[in-house]
Undergrad: 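One structure, pasted below without further comment.
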Amino acid sequence: MVARFMPTGVRNAVKLIAVLREPIARELSLFNHERWSGFDWSGGSSTCSASKLPSFEAYAGCQVAIYGTLNATQNDDDTQRKIYQNLGFGLWKGMYIIHLATWRRSFDRNRVFVMSYDNLKPEDKMATDIAKFLDLYPFNRSVWFPVRNDHTFAAKQRTITCAIRDDLQAIFQPWNDLLYKKLQEDQDGRTAPQTEPPFPDFRLHPCVPNGSSSSS
Ligand SMILES: Nc1ncnc2c1ncn2[C@@H]1O[C@H](COP(=O)(O)OS(=O)(=O)O)[C@@H](OP(=O)(O)O)[C@H]1O
């Protein structure tokens, strides 16, 4: 969609950075943002409402239950449509292999730098790799990636139970595996940007014993 509105010259010159966050952490962040704003802008199933349900466990549990009815065992167009139609941005947004494929249809892979959110820190070597990708090297580390949009508020949920973590992990793992495989193929085939390092596996999202998740 973005690409459609770009003149060809711009589209061929643009450089993009995709920062992929471990999908459960992303889902928790989305949940908190929706609670903070009081608006369920992720769409999809109106029954899984972040602003109305009492906890992340209730919100994500609702999505897990719907996902279980979809028989989403393959990564094909029908499956992707089914997930989006039933869950909106919930869960679906964390299935990064789907979105990467969409971006690839519009942009050369060597113009899309794919990195892990865990490597956002300015002291990380990744910052140098990105600066080189953007032809901005050397750069000033003090202005690199300021924290934005963290919305610290009293009801922000920080921890999740191991039960919901495990349910979500079971859903995301096959999608993560497809992502790792594709990104490795890009490295092997040298289609990724020259300075893009191998993508690390996501760290398993931490959890607390059931019944003890908490807000800040
Ligand atoms: N520089 C930097 N480093 C690490 N983390 C950062 C950084 N900037 C923003 N953040 C965290 O990103 C979350 C907000 O993401 P978005 O800006 O995409 O929010 S939004 O969904 O578009 O509203 C939000 O995460 P949560 O606090 O977990 O919700 C921010 O804290």
Side-chain angles (χ1 to χ4, degrees), residues 1-2 15-46 48-60 63 83-84 87-100 102-103 112-134 136-137 139-162 164-165 168-169 172 175-176 179 196-197 199-208 212-216:
M1 172 116 145
V2 178
K15 289 185 176 180
L16 301 162
I17 301 173
V19 183
L20 307 187
R21 189 174 189 178
E22 188 284 317
I24 299 175
R26 195 209 67 82
E27 200 65 51
L28 178 60
S29 174
L30 174 68
F31 167 80
N32 278 319
H33 280 234
E34 293 190 335
R35 301 258 283 196
W36 174 81
S37 65
F39 182 64
D40 297 311
W41 45 267
S42 60
S45 163
S46 55
C48 303
S49 162
S51 59
K52 296 193 187 68
L53 289 167
S55 64
F56 178 75
E57 283 70 15
Y59 159 83
Q63 298 187 98
I83 298 170
Y84 179 69
L87 291 164
F89 289 170
L91 303 188
W92 182 78
K93 270 261 178 128
M95 295 164 179
Y96 300 122
I97 182 71
I98 297 176
H99 313 303
L100 202 60
T102 307
W103 285 92
V112 184
F113 188 102
V114 182
M115 65 171 288
S116 168
Y117 172 94
D118 295 336
N119 297 116
L120 264 181
K121 295 175 264 340
E123 67 277 15
D124 229 299
K125 178 182 168 298
M126 184 70 79
T128 304
D129 296 334
I130 294 172
K132 286 183 176 164
F133 169 67
L134 295 175
L136 290 176
Y137 191 79
F139 66 99
N140 178 357
R141 283 177 198 267
S142 66
V143 296
W144 201 253
F145 291 133
V147 175
R148 295 269 190 275
N149 235 351
D150 65 334
H151 299 316
T152 298
F153 61 111
K156 185 167 184 174
Q157 184 166 340
R158 306 271 177 186
T159 59
I160 66 171
T161 64
C162 293
I164 196 66
R165 191 280 307 271
L168 288 170
Q169 186 63 22
F172 282 125
W175 296 96
N176 290 346
L179 175 76
E196 181 187 296
F199 192 87
D201 285 11
F202 293 119
R203 277 198 293 267
L204 183 62
H205 192 78
C207 65
V208 296
S212 58
S213 62
S214 70
S215 306
S216 52

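All figures in this text were calculated on a predicted structure; none of them were measured in a lab. Both backbone and side-chain heavy atoms feed into the values below; hydrogens, waters and symmetry mates do not. Starting from 1, each residue takes its place in the sequence as its number. Every number for a ligand or one of its atoms is a count from 1 in the order of the listing.
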Undergrad: Could you list each nitrogen or oxygen of ligand 1 that sits under 3.5 Å from a protein nitrogen or oxygen, with the atom names and the distance?
TA:
from     : atom 1 : to     : atom 2 : distance (Å)
ligand 1 : 1 (N)  : Phe145 : O      : 2.8
ligand 1 : 1 (N)  : Pro146 : O      : 3.3
ligand 1 : 5 (N)  : Tyr117 : OH     : 2.6
ligand 1 : 8 (N)  : Arg148 : N      : 3.1
ligand 1 : 17 (O) : Asn149 : ND2    : 3.0
ligand 1 : 19 (O) : Asn149 : ND2    : 3.3
ligand 1 : 23 (O) : His33  : ND1    : 2.9
ligand 1 : 23 (O) : Asn149 : ND2    : 3.3
ligand 1 : 25 (O) : Arg21  : NH1    : 3.1
ligand 1 : 27 (O) : Lys156 : NZ     : 2.7
ligand 1 : 28 (O) : Arg21  : NH1    : 3.3
ligand 1 : 28 (O) : Arg21  : NH2    : 2.9
ligand 1 : 29 (O) : Ser29  : OG     : 2.6
ligand 1 : 29 (O) : His33  : NE2    : 3.3

Undergrad: Which residues pass the ring pair (Phe, Tyr, Trp, His ring centres under 6.0 Å) test with His205, sequence neighbours left out?
TA: none
Undergrad: Quick one: pull up CZ in Phe172 and CZ in Arg26 and give me the separation to the nearest 0.5 Å.
TA: 6.5 Å
Undergrad: With no hydrogens and no angle check, is any side-chain donor or acceptor of Glu196 less than 3.5 Å from a backbone partner on Phe113?
TA: no
Undergrad: Just to verify, what does Arg148 make a salt bridge (Lys or Arg N to Asp or Glu O under 4.0 Å) with, not counting sequence neighbours?
TA: none
Undergrad: State which residues pass ring pair (Phe, Tyr, Trp, His ring centres under 6.0 Å) with Trp92; sequence neighbours excluded, sorted by chain then number.
TA: Tyr84, His99
Undergrad: Examine distances only and state if a side-chain atom of Asn32 and a backbone atom of Gln157 form a donor-acceptor pair shorter than 3.5 Å.
TA: yes
